[in-house]
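The structure appears right after this line, and notes come after that.
Keep in mind it's a predicted model, so treat the numbers as computed, not measured. Quick note: numbers below take in every heavy atom, side chains included, and nothing from hydrogens, waters or symmetry partners. Chain identifiers are assigned alphabetically (A, B, ...) following the order of the sequence lines, protein sequences preceding nucleic acid strands; residue numbering begins at 1 within each chain.
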Amino acid sequence: MKLDFAQIESKWKKIWEDTKLYQVHEDTSRPKYYVLDMFPYPSGAGLHVGHPLGYVGSDIYSRYKRMKGFNVLHPMGYDAFGLPAEQYALDTGVHPAKSTSDNILRYRSQLDNIGLSFDWNRQVRTDDAAYYKWTQWIFLQLFNHYYDRTDDKIYPITALIEIFESDGSAGVNAAASSHEPFSGDQWHAMNTTEQSAYLMNYRLAFRKVGYVNWCEGLGTVLANDEVKDGLSERGGFPVIQKEMLQWSLRITAYADRLLHGMDTLEWSESMKTVQRNWIGRSEGAFIYFPFVDQQDISIKVFTTRPDTIYGATFIVLAPDHDLVPVLTSVEKLMEVNDFSERVKNKPTDQKTSSQKKPDGVWLGTYARHPLTDDQIQIWIADYVLKDYGTGAIMAVPGDDSRDRAFANEYDLSIKEIIDRSQVSNAEIGDRQGMMINSSFLDGLHVTAAISSMLDYIEKNNLGIRNVEYKLRDANFSRQRYWGEPFPVYYDDQGIAHAMEEDTLPLELPDLDDFKPSPDGRSPLARLKEWMQPYPGNTRETDTMPGYAGSSWYFLRYMDPSNDVAFASKEKIDYWKDVDLYVGGVEHAVGHLMYSRFWHKFLYDLGKVPTQEPFRKLVNQGMIQGVIESLYLYKEKEEGKAHFISADLVEERKIPKEQLTSIPVHIDFVSDYGHPESHLNEHGIASFLKWRPEYSDAFFETSAGMKKAKEFQNATITTLSEIGKMSKRYHNVVNPDDVIARYGADCFRMYEMFLGPIEQSKPWDTMGIEGVNKFLKKLWSLFFNDQEEWIVNKNVPHDDSQKALHATIRKINEDVERFSFNTAVSQFMICVNELRKSDEHSIDILNPLVRTIAPFAPFISEELWQLLGHNESVHIAPFPEYDEKWLVTTSIDYPVCINGKKRGEINLPVGSTNAEIEKAAMALPEINKWIDGKPIRKVVIVPDKMINIVI
RNA sequence: GCCAGAGUGGCGGAAUUGGUAGACGCACUGGAUUCAAAAUCCAGCGUUCGCAAGGAUGUGCGGGUUCGACUCCCGCCUCUGGUACCA
């Protein structure tokens, strides 16, 4: 029989589907294991070879665990809602619902081609009303609860109302937006609008006016993690700060638990660090600096360095700090207003540049230093941010580089309070050295001074200890069409009300014109009847952001068609949490943070049994492509384009600023991906046909300058770089094409063989031949050149047994530690060994097929059937290795002199040190090296080596 | 700037606890087979000296610990990713 992978693949794809091989059911008799992939957003471009890297890795692990006797949940679905889907729909003019469904069909067929063992019965898609009903339900729970910091628990808002009615706000220690305290009596005196405004300060899903990232190009607001360098992550449009009324989620309530929860997780250190930095916990204190002109007003600053307070020589506030109007002197009013105006109009990206010159203005007034009673100036400056800490700082130019730069710029006094002379390399702000000029702190080390000053401040009522987080509440409104509608409505007072749970889902109405409007009004606002369901009531017309549906989808897989709960308690208690989560690093602070937050909230609600959703996380790297491009001079000569060969650029050392590179379709390039890649005559002709605007261009090569038409007998070398696979660079490799040529098993194994799964690496078109050869060799253990079945029942050779069992052991170890590249290497070694001893024994091939099954599901399934089995290899037990074949009777000891190998001896296992030494000394080549010199030492490492030191 | 990770042949990458560096594959070179090609098989393949046997040297750079260092410690360089006035 000939190896015909196309036939094998279509045969088994059908059988697996017909027999529902990968369907799982809750089964308490077996241990559960939950392997999850980050579900894809079904884009119009389809999958490229980079996407399946993680899917193949998790599939190998799932299959392996299944064969090891685990009940494995391995589902897949689609992140169908959100900005990307809508943006694609806008580009193509097709309704998002249709384009999304079409794309999903395409994704499904691509995924099936790879032979992934998903239980498609459990598929979810976030744009399905039966799914987003529960997204809306979770939102309502967030809306209807608040977070009590004393108990670290959530309580219903109704409980909060009771407290307010009896005691007012004083005794409440909750995660809340700041507001004026009120008494029970004051609460009763308020009207409903005022009361609901106060309650809004406590809800975990709440509406507030605040600065948001407004993206004009997308016509919507974005979350912090969707903005990169002042541009929108999707589309690259500029983002500005704009004040708008928006829904937010109070993720800050969970900041501390999100931080400490990570200690229990098996995530990479770098991933944990990224999340820790994003949460950004700092311990410090609030300190009050009284205003000299009005003693009842004081400025509350936040500092992590209370020890440096004696060095505080001025106060700086954010330009938009609430107290600025009060603190500004009459003479300075104009100047201060001008400054505030100027700062406000600066675009975001410039505002965050650290190289910039300090910029600020004195308010013309003074604060009193709480310890020295000195009068110090009050300034505003753009380096102080309103939304961190209190929006005000005590400036310590003696030990803070920003304050120092500012003091230098405006000639403010600098007081040294730390002596760093005893510490080498100590720099400003790095918490080293001894306190000086600081009264009772003098002589203390910085660390001791911090705690000493904290005690002093609290004892004397000058301030209070405090912990600050960089983490901001998450913006939850999008002025777009393609998302979950909010299950809320506003009454004629504008008060937000939750819809009744039994009226969910609130379905997204059909809309033909879903373009965003530049004024910030949502497309849904155009549907008058939908927007006003009853007289006096209006619906929220914003929709939820992309991360809403993806923050809990992994729970839905446990019970995907339940319509009375997001999943039944019974099923959640069985599957519990995700044991292994595989996905890209790009979700480090977005999806992974929000999911953990929602999961903790659901835990507090008593709906899930674990505090953390994802126990182990593996981040697969990206598969990159080669970008081929031509160099083009930026300044055109006589209006004509002037291309220049890459080798000439190198030779003449032409600076990159003068050049721009034009991506070229890889089909035109010879030696694609190699340093000598080039366009020949033919390639240039194809290029000009493709980009006719360059038909009059000049091409400069080592053979001189020529017009395109005159081009013969010379080639123009191209620039070859590693980069993203993208349509833009014409370097996308489609897995379907690779599979059509080499088969799915080859594709899978090659993706794994490329390198460690966590690493990014370029797709190498040539390398796949090695894996292809391997699979042919594997096949040749079963069939000879005449395509005859040659498996026999002979007693296997010892060498074969050894190779097989070493392989089983290694595959166990490698799969457990996700080292799939070395696992594939081991299969190659094993098959080479079996071929060397011409091994065709069924006793070897039977376990070998099972060992390789997780990696090459199609070929192994076919061979397993040919070996006479009726049941699928994928539910057969993974073979155990037999130690017997791995124990060696003798060991080769390298004999080293001063660490260099000079000879080798072979001794039986268990030889004594004396025997080893004796045998080593007996070697003539060793004696030659020792040459009568005295031996200083002999080191014998058991079972490893012997080293003679002379 | 700060934080994290990484630097090994022409290339992708192995080396599990400090113990024969370069597994496995690609590319390349030579040979076998073939009318020829493809395919397949065999051999070689860090650098350097040598006809060879054999030696020297070698895991970004400079030091250190050790009988022995890709691995541990100190100092530096480069690259990749994250982050950016967070007090």
- Message: Using the side-chain hydrogen bond (donor to acceptor under 3.5 Å, both in side chains) criterion, which residues pair with A/Asn927? Sequence neighbours excluded.
- Response: none
- Task: Check side chain to side chain contact (heavy atoms under 4.5 Å, CB included) between A/Glu813 and all other residues, then give those that pass, not counting sequence neighbours.
- Result: A/Arg809
Base, sugar-phosphate, or nothing for [X], non-hydrogen atoms under 4.0 angstrom?
X: A/Lys272; value: nothing
X: A/Glu813; value: base
X: A/Ser282; value: sugar-phosphate
X: A/Asn821; value: sugar-phosphate
X: A/Arg809; value: nothing

- Query: Who pairs with A/Phe289 by ring pair (Phe, Tyr, Trp, His ring centres under 6.0 Å), at least two apart in sequence or on another chain?
  - Reply: A/His369
- Will you find, in the side chains of A/Tyr750 and A/Asn772, an N or O donor that is under 3.5 Å from an N or O acceptor? no
List every contact pair, protein side and nucleotides 32-35 of chain B side both N or O, where the distance is under 3.5 Å.
none

- Message: Would you say that more than 12 heavy atoms from the other residues, nucleotides or ligands in this model lie under 6.0 Å from the NZ of A/Lys802, or not?
- Response: no
- Message: For the C1' atoms, the ones on B/rU16 and on B/rA4, what distance do you get once it is rounded to whole angstrom?
- Response: 24 Å
Return the polar atom pairs (N/O with N/O) between nucleotides 44-47 of chain B and the protein under 3.5 Å, or none.
none

- Task: Could you tell me how the ring of A/Phe406 sits relative to the ring of A/Tyr383: parallel (under 30°), tilted (30 to 60°) or perpendicular (over 60°)?
- Result: tilted
I'd like a table of atom pairs between the protein and nucleotides 62-73 of chain B - only N or O on both sides, under 3.5 Å - with the distance next to each one.
unit_1 : atom_1 : unit_2   : atom_2 : d
B/rC67 : OP1    : A/Lys937 : NZ     : 3.0
B/rC67 : O2'    : A/Asn947 : ND2    : 3.4
B/rC67 : O2     : A/Asn947 : ND2    : 2.5

